[in-house]
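Just so it is clear, the structure is predicted and the values come from calculations on it, not from any experiment. Note that these values count all heavy atoms, side chains included, but never hydrogens, waters or copies made by symmetry. Proteins get letters first, then strands, A, B, ... in listed order; numbering begins at 1 in each.
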Amino acid sequence: MTKTINLTLKVWRQKNGNVKGRMETYEARGISTDMSFLEMIDVVNEGLILKGEDPIAFDHDCREGICGMCGAVVNGRPHGPEKGTTLCQLHMRHFDDGDEVVVEPWRSRAFKVIKDLVVDRSAFDSIIQAGGYISVNTGGAQDANAIPVPQNVAEKAMDAAECIGCGACVAACPNASAMLFVSAKVSQLALLPQGRPEAAGRVKAMVSKMDDMGFGHCGNERECEAECPKNISIVNIARMNREFIKASLK
Amino acid sequence: MKLDSKIPDGPIAEKWDRHKFDLKLVNPANKRKYTVIVVGTGLAGASASASLAELGYNVKTFCIQDSPRRAHSIAAQGGINAAKNYQNDGDSVFRLFYDTVKGGDFRAREANVYRLAQISNNIIDQCVAQGVPFAREYGGLLANRSFGGAQVSRTFYARGQTGQQLLLGAYGALSRQVAAKKVTLFARRDMLELVLVDGKAKGIITRNLVTGDIEKHAGDAVILATGGYGNVFFLSTNAMACNVTAAMRAYKKGACFANPCFTQIHPTCIPVHGDYQSKLTLMSESLRNDGRVWVPKTIGDKRKPADIPDSERNYFLEEKYPSFGNLVPRDVASRNAKEQCDKGFGVGETGYAVYLDFKDAIARDGEDVIRKKYGNLFTMYEKITAEDPYKSPMMIYPASHYTMGGLWVDYNLMSTINGLFVLGEANFSDHGANRLGASALMQGLADGYFIIPYTLGAYLAKEKPGTVNTDHDAFTEASSDVVTTLDKLLSIKGKRTCDDIHRELGKILWDYCGMSRNEEGLEKAKTLVKNLKKEFWTNVTVPGTAAGMNQTLERAGRVAEFLDFSLMLLEDARTRRESCGGHFNDAFQTDENEALRDDEHFSHVAAWEYNGEDREPILHKEPLVFEHVTLSQRSYK
């Protein structure tokens, strides 16, 4: 049943990447429990705009959990308390009247704050550019059914391919490592026969780029898997490590 | 202005091959001298950027989001059509062509649609080669399902995330070209103006959404792949940033806008539940393969759905359309749901919802099978509504989803502005008055991977490369226009937020130009929108400045364009005095309340030419000629 709650928000405000940020307190009143977390911020922002104040900047787009654009650390957890849920799909029914809610941006050396909750995740694009694809030009591909892929293999590749590139894994990791993100793409392409010809070069290039971009190392904390909104498994990290060792021994 | 569709001569099955041969080529050594601007990185923009860069052109690619991977193609759930006939169930290029023309209620160009059907097979091959993890059968071959309005299984899919996987494939190809330094990527940019030099598209003006800088970019041609205008309704299944600004800037510079009134209202979305709502969520149409749509037979029946016996349920789609049942095309399914709710049979708190029930499918196939097919959709539904669709039926209601109208393009995908090409949902060409399920992904990728690489070359072959740079007066003028508009938005300092005004605009359009329309309502809506436009330009408030990130300013600019665009949309709906596909005028319906076309007077594309601020646009008509399909009343009974 629909009801309304009142919350106290403590939100990270930072004008831009060159100045220091600080926590600010806002009251969120009359919040319907059917709202999404982002709709709750919309309501707070509408109030700020009408007062002529600067609304809270945050990234968001599809609002249905697939584009990977949204994300903030809510009460210490990336995308908030619900498992397997992006911030846009987190609904206010998971909060209680009177709760204090702390909202911060992703924290990582590789993700610089642009403004408030908005961070620069272009390091992820750089890693994909280093090799997260199969090198085929448009045209000239053989008939799709000429490459049979066993169903269980296709399913595993799809499990990895579900990654939305939101960066929650990095935000969750004590070392701010991007291993889950990188391994999801490495796994998807290493599992499929189409991706095998470049598998060795790909894993080396992507891991090396990940290090260059300032992400930390994996310490097997498994925080990434616990917070991933798409439930990407650390099995992919193990698979990437195997691929990396195989490639290094070649 | 005369619209020349440039449809090649010859038998329909040979037109594209012949045309490709007739098109001029750019020498491989000369391609690197050309710069092409691509705006948008959805399926059409990303695939075009990658394919053109592979050919050797220099490509500058722009997107609004922080990464090209986030474009809204990513949210397409159900699948992509192709005429592979892997299922041996009678599919063919001609059948896909026929179904698409008929599904579009005979308001699309035959030649374009035939080419689309031909190319559909290449798309699947290309995507598989890229590593797109489509669903497979146990033997390792590709799986198919039947999908909205088709009687053959021709839809390829990757769980309920087909758009995501196809987009990530195209994003991979694009990323490869970024690494090869053939594509320069500009993320977090808003295109705010098109630059013409001697009547040709030669560049764009963008706002850097991080720094606020107004930037000039020159090129030898401009490609818009900027998506549809579904957000004109405020509430839609589109992403929050989807907008009509780029298309409107092109329109105001002379590109005709075609068939804006062809909007698609998707039947299976989660119903509206509050005033604060920011968007609506689609539940894939594939659910209609197993779900049964019904309402109680008694008005105001408040029993729980499980307590209502079969004999007291009205499975209205199965009843009315025995041969297609729950799989009728989107426009038909949407209108019937609305009709039931308008009569008072609707369910849920607002009475504007119908049930989509999986009880029988679960009893027949078991919960595991249903979970495997639709697990992610059921989870998404439960997250949003807190109700478990395995136990009680989903509640659904139609919502704005896709727009068939768009900038007018010829067979080469060039608009009425020389050198301005338009791809994907942003153009109007292939879906007529209603798009069939799983056809949007097909069209976006056809345009980007397999059409523009040929047709753009033919244009550039006649253009000298690099004739214009950003020092040209046209760039100075365009960028100062942009600054003037931004300053104006910031200076109003009124009492209403841009979202508040956008919400009001959306309500006007939904009420008077949504699933059904009539003369009186459209006239009224025009007056309301004109007043709202005045209200916006005198009473909107945008805090902050144009320097640095200002998300409210971004939104305000988009609402301003939606207001202007709405007036054209309403005028198009008013002048199309027939019903077809997604455009349903109450005055034109059959005895059985189906859309009644007027082929004698309206078998044409309505292309609108800008005629100055606050003046009615000028209508141009491109006649549609049908030589390979017989025009008929669509029947799904």
* To do: Answer with side chain, backbone, both or neither: which region of B/Ala241 has an atom nearer than 4.5 Å to a non-hydrogen atom of chain A?
  => both
* To do: Check whether A/Pro55 gets within reach of chain B through its side chain, its backbone, both or neither, counting any heavy atom under 4.5 Å.
  => side chain
* A/Ile147 versus chain B, heavy atoms under 4.5 Å apart: side chain, backbone, both or neither? -> both
* Below 4.5 Å from any heavy atom of chain A, which atoms of B/Gln126 appear? Answer side chain, backbone, both or neither. => both
* Structure fact -> Against chain B, residues from residues 190-205 of chain A with at least one heavy atom under 4.5 Å, in numeric order, are A/Leu192, A/Gln194
* **Region of B/Phe134 that comes under 4.5 Å of a non-hydrogen atom in chain A** => backbone
* For A/Val118, is it the side chain, the backbone, both, or neither that has a heavy atom closer than 4.5 Å to a heavy atom of chain B? -> side chain
* Structure fact -> From the list B/Leu174, B/Val178, B/Val183, side chain to side chain contact (heavy atoms under 4.5 Å, CB included) partner of A/Gln129 resolves to B/Val178
* Asked: Can you name the side chain to side chain contact (heavy atoms under 4.5 Å, CB included) partners of B/Ser120, sequence neighbours left out?
  -> B/Ala82, B/Ala83, B/Leu96, B/Met442
* Asked: Under a 4.5 Å heavy-atom cut-off, does chain A meet the side chain of B/Asn122, its backbone, both or neither?
  -> neither
* Asked: Measuring heavy-atom distances to chain A, does B/Thr385 have an atom under 4.5 Å in its side chain, in its backbone, in both, or in neither?
  -> backbone
* To do: Sort A/Arg63 into side chain, backbone, both or neither according to what part of it lies under 4.5 angstrom from a heavy atom of chain B.
  => both
* Asked: Heavy-atom distance under 4.5 Å to chain A: side chain of B/Glu137, backbone, both or neither?
  -> backbone
* **Part of B/Leu185 within contact of chain A (heavy atom distance under 4.5 Å)** => side chain
* Structure fact -> Sorted by chain and residue number, the ring pair (Phe, Tyr, Trp, His ring centres under 6.0 Å) partners of B/His502 (sequence neighbours excluded) come out as B/Phe234, B/Phe562
* **Side chains of A/Glu64 and B/Thr281, donor plus acceptor under 3.5 Å** => no
* **Side-chain heavy atoms of B/Tyr276 within contact of A/Asp34, under 4.5 Å** => yes
* Asked: Can A/Asp120 and B/Arg188 be said to form a salt bridge (Lys or Arg N to Asp or Glu O under 4.0 Å), step by step?
  -> CA-CA 10 Å; A/Asp120 178 1; B/Arg188 292 196 193 269; over 6 Å; no
* To do: Check the pair B/Arg159, A/Glu155 against salt bridge (Lys or Arg N to Asp or Glu O under 4.0 Å), reporting the backbone distance first and the verdict last.
  => CA-CA 9 Å; B/Arg159 292 188 190 152; A/Glu155 290 294 316; 2.7 Å; yes
* Matching residue for A/Asp61 among B/His72, B/Lys279, B/Gln65 - test: side-chain hydrogen bond (donor to acceptor under 3.5 Å, both in side chains) -> B/Gln65
* To do: Would you mind checking which part of A/Glu39 comes under 4.5 Å of any heavy atom in chain B, side chain (CB onward), backbone (N, CA, C, O), both or neither?
  => side chain
* Part of A/Leu38 within contact of chain B (heavy atom distance under 4.5 Å) -> neither
* Asked: Is any side-chain heavy atom of B/Asp125 closer than 4.5 Å to a side-chain heavy atom of A/Gln142?
  -> no
* Structure fact -> Ordered numerically, the heavy-atom neighbours of chain B under 4.5 Å found in residues 121-128 of chain A are A/Arg121, A/Phe124, A/Asp125, A/Ile128
* To do: Identify which part of A/Ile49 has an atom lying under 4.5 Å from any heavy atom of chain B, answering side chain, backbone, both or neither.
  => both
* Asked: Is the shortest heavy-atom distance from the side chain of A/Thr138 to the side chain of B/Gln130 under 4.5 Å?
  -> no
* Structure fact -> Cut-off 4.5 Å, heavy atoms of chain B, and the answer for A/Ser135 is both
* Asked: Where on A/Asn145 is there a heavy atom nearer than 4.5 Å to chain B: the side chain, the backbone, both, or neither?
  -> both
* To do: Heavy-atom distances under 4.5 Å only: say whether B/Glu554 touches chain A with side chain, backbone, both or neither.
  => neither
* To do: Could you tell me whether the side chain of B/Gln164 reaches within less than 4.5 Å of the side chain of A/Ile164, counting heavy atoms only?
  => yes
* **Contacting moiety of B/Thr552, where chain A heavy atoms sit under 4.5 Å** => side chain
* **Proximal component of A/Asn231, with respect to chain B [non-hydrogen, under 4.5 Å]** => neither
* To do: Select one option (side chain, backbone, both, neither) describing which atoms of B/Lys495 are under 4.5 Å from chain A's heavy atoms.
  => backbone
